[in-house]
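Have a look at the structure below, then the notes.
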There are 4 protein chains.
Amino acid sequence: MLTAARELVSEVGYAKLTIEAIAARAGVGKQTIYRWWPSKGAVVFDSILALSEGERGIELPDTGDLEADLKTVLRATAAEFADAEFEAPIRALQTEIINDPDLAAIYREKMEAPMREAKKQRLRSAQRAGQLDADADLDLVLDFLYAPLTQRWLERSRPLDDAFADALVEATLRAFRPA
Amino acid sequence: MLTAARELVSEVGYAKLTIEAIAARAGVGKQTIYRWWPSKGAVVFDSILALSEGERGIELPDTGDLEADLKTVLRATAAEFADAEFEAPIRALQTEIINDPDLAAIYREKMEAPMREAKKQRLRSAQRAGQLDADADLDLVLDFLYAPLTQRWLERSRPLDDAFADALVEATLRAFRPA
Amino acid sequence: MLTAARELVSEVGYAKLTIEAIAARAGVGKQTIYRWWPSKGAVVFDSILALSEGERGIELPDTGDLEADLKTVLRATAAEFADAEFEAPIRALQTEIINDPDLAAIYREKMEAPMREAKKQRLRSAQRAGQLDADADLDLVLDFLYAPLTQRWLERSRPLDDAFADALVEATLRAFRPA
Amino acid sequence: MLTAARELVSEVGYAKLTIEAIAARAGVGKQTIYRWWPSKGAVVFDSILALSEGERGIELPDTGDLEADLKTVLRATAAEFADAEFEAPIRALQTEIINDPDLAAIYREKMEAPMREAKKQRLRSAQRAGQLDADADLDLVLDFLYAPLTQRWLERSRPLDDAFADALVEATLRAFRPA
DNA sequence: CTGTAATCGAGACGGTACGTCGTGTCTTGGT
DNA sequence: ACCAAGACACGACGTACCGTCTCGATTACAG
């Protein structure tokens with residue numbers, strides 16, 4: 001069922017997705033879907049969440065060079081955003097998150113929190129290595145790194161190229177360099 | 001018609017908004033709506049856009065103290081995000097922008113561009129006053145100031161208080177202080 | 001549903017009858033009507049047909065006096081045509097029959113044929129009693145008796161009184177008296 | 001406009017005929033149609049009536065042999081009913097007449113009355129020639145001749161062949177032969 | 001093995017809204 | 001001054017899905 005949901009989001013888009021279509025594709029009665037999820041959003045949400053369950057134990061590279069590592073990671077993130085296959089589901093996910101506080105909370109807990117923690121680990125390592133201000137608010141650092149990237153992708157305002165990723169890292173590190 | 005659309009978005013939310021309801025509220029036939037807009041999204045989009053048409057000639061305060069001015073502006077922006085009346089329409093707008101590239105383009109041109117230019121004016125003034133790196137990429141500066149704010153609001157991940165606004169300004173200015 | 005259709009034909013007339021009104025009156029979704037009938041005409045047709053399903057086993061009086069019996073029957077038919085309650089549905093039925101060959105075929109099979117057969121029985125009895133030409137084409141006899149009556153009613157060209165009914169019977173019997 | 005109406009009745013049938021289509025076909029504004037006729041039925045009615053205005057001064061053949069003359073006329077009428085081109089408009093006309101008493105009255109006055117009078121002329125001639133009962137109710141005679149024909153055509157219950165036309169004439173003349 | 005439950009697919013149901021079409025009225029611009 | 005063109009408020013169309021509700025038929029378990 002989750003697979004059917006994911007496929008259909010990619011094929012027809014979130015707005016035109018119907019529960020009947022999911023049921024038909026999955027070879028399942030509608031009632032069975034309603035038994036497990038309260039809404040279309042919840043199904044789609046879970047279908048994407050199920051995907052990310054697979055990628056356990058994210059860990060960021062730690063070569064000792066924070067700037068290089070962050071550029072690697074941000075360039076990869078930007079490239080991922082450009083992947084057509086993931087575009088539709090992630091935009092669907094964002095749509096849900098914006099409009100449904102409950103799903104937003106689950107999203108933060110199940111998907112964002114682990115990622116954020118992994119990233120913070122890398123930043124703490126940098127703090128210990130004296131490459132980052134020891135007093136820096138790490139949540140703020142992560143926002144500086146990722147929020148502009150995400151926003152430009154969502155609004156399609158500008159291409160997400162390597163230069164942009166690099167500029168983000170450089171400016172962020174200037175803002176939070178050790179005292 | 002645009003007024004009716006705006007009111008209804010606030011009252012029932014974007015997802016539950018129907019064209020029939022807009023037509024009824026506006027005392028208009030459905031066909032008349034379809035004659036002018038291709039979709040529900042377009043109507044809502046225009047209804048919000050029409051709002052901002054009113055606020056002509058935005059200009060940021062320029063007391064000579066960039067940090068103080070930016071804090072004032074960002075605190076105001078954060079407060080605006082907290083205003084219940086604007087919340088529903090703006091979330092609706094974001095939903096549209098995320099999912100419809102065409103509307104996103106119009107949004108950038110009609111709403112974002114003028115705001116962005118006004119902000120850049122203030123930043124250029126600061127560059128002339130030696131309060132900001134003369135070589136700074138002003139688009140990037142604006143992303144640093146606004147993207148984290150917007151993202152936290154959209155995802156409801158953390159309260160948008162004055163401290164957060166101040167921290168954004170301070171970190172951004174550290175990143176782009178004059179050489 | 002059929003009851004609702006019948007009532008509404010009587011109330012507002014066939015031309016102003018809407019499927020939505022039938023659905024509303026019957027407390028039923030429109031789709032349910034469309035699931036069972038292809039058109040408004042078919043619903044109305046069935047609603048009238050269902051009525052006549054009730055009156056099983058029609059039999060004409062047979063007192064031994066053909067002329068008297070036929071006058072009784074034709075006067076009754078004329079009176080029935082004058083009944084306001086049946087007028088609207090029967091006119092609706094005629095409208096359908098005229099314009100839809102398929103419904104016309106069903107009408108002949110389901111409604112007209114049994115009536116016609118019952119009438120023929122009475123005529124055959126009269127033939128055996130020497131009151132009617134043994135070689136008479138009974139379909140033609142029935143047309144002579146009923147077609148003028150029906151036509152005058154449809155076109156509202158003249159009142160359907162007893163004298164007219166009697167005249168029809170007398171002339172018909174003159175035309176088909178035994179050799 | 002009347003021409004456009006008549007063509008469209010033949011092409012799409014009365015039920016699917018729209019005033020907008022008539023206006024478009026006639027190269028005329030809708031308002032102009034509404035200025036002259038109160039309803040779709042009235043337009044169609046007039047369009048057919050206009051046709052018959054052409055055929056001035058109908059007169060039935062009078063060879064001196066009533067039976068032969070009537071058979072000629074009824075066979076011709078039956079053939080006319082079979083003409084595909086006239087079928088749609090005449091059925092449309094019947095539909096109007098059945099459901100609208102006002103149009104029915106106009107129809108009787110403008111179209112039926114002249115025809116009926118012409119036919120009566122021929123019958124009176126026959127009465128003078130001793131071929132028809134001098135006391136016969138001529139309206140009734142005409143009903144006997146035409147009503148069965150019309151009814152079978154409307155209900156499509158049986159083919160309208162020459163044999164049927166002949167049988168009608170023969171039976172009618174038996175019913176009304178001179179005393 | 002067999003009878004009884006629980007579960008599930010299928011899809012009918014009462015509804016709501018869709019986007020389209022036609023109505024009859026009103027307005028506009030060109031002749 | 002007229003009239004084609006067509007916008008308008010309105011209402012019904014026939015369709016798509018909604019979320020709820022029976023239906024069998026197919027399992028899985030108990031006796």
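Protein chains get the first letters and strands the later ones, always in sequence-line order, with residue 1 at the start of each. Fair warning: this is a prediction, and the values are worked out from it, not measured in the lab.
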Atom pairs under 3.5 Å, N or O on each side, protein against nucleotides 11-14 of chain F: can you list them with distances?
from	atom 1	to	atom 2	distance (Å)
F:dC13	OP1	C:Ile19	N	2.9
F:dC13	OP2	C:Ile19	N	3.3
F:dC13	OP2	C:Glu20	N	3.0
F:dG14	OP2	C:Tyr34	OH	2.4
F:dG14	O5'	C:Tyr34	OH	3.3
F:dG14	N7	C:Lys30	NZ	2.9
F:dG14	O6	C:Lys30	NZ	2.6

When you check the gap from the basic side-chain N to the acidic O, do B:Arg108 and A:Glu155 get nearer than 4.0 Å? no
If you assign A:Thr32 and C:Gly29 each to the DNA chain E nucleotide with the nearest heavy atom, which residue ends up on the more 5' nucleotide? A:Thr32
When you check the phosphate oxygens OP1 and OP2 of F:dC2, does a side-chain N or O of D:Arg35 lie under 4.0 Å from one of them? no
Regarding D:Arg25 and D:Glu11, does a basic nitrogen lie under 4.0 Å from an acidic carboxylate oxygen? yes
Separation of atom CD1 in B:Ile33 from atom C1' in F:dC8, rounded to whole Å: 12 Å
From CD1 of A:Ile22 across to C1' of E:dA10 the rounded distance in Å is 17 Å
Nearest 0.5 angstrom please: B:Thr95 OG1 to B:Leu154 CG, how far? 8.5 Å
Whole Å only: how far is the NZ atom of C:Lys16 from the C1' atom of E:dG24? 13 Å
Does the side chain of D:Leu8 come within less than 4.5 Å of D:Ile22's, by heavy atoms? yes
With a 4.0 Å cut-off, would you call B:Glu87 and B:Arg156 a salt bridge? yes
Round to a whole Å and report the spacing from CE of B:Met1 to P of F:dA7. 13 Å
Hey, does D:Trp37 reach any base, or is it just sugar-phosphate, or nothing, if we go heavy atoms under 4.0 Å? nothing
Within less than 4.0 Å of OP1 or OP2 of F:dC8, is there a side-chain N or O belonging to B:Trp36? yes
How long is the span from the CH2 atom in B:Trp37 to the CD1 atom in B:Ile19, to the nearest 0.5 Å? 10.0 Å
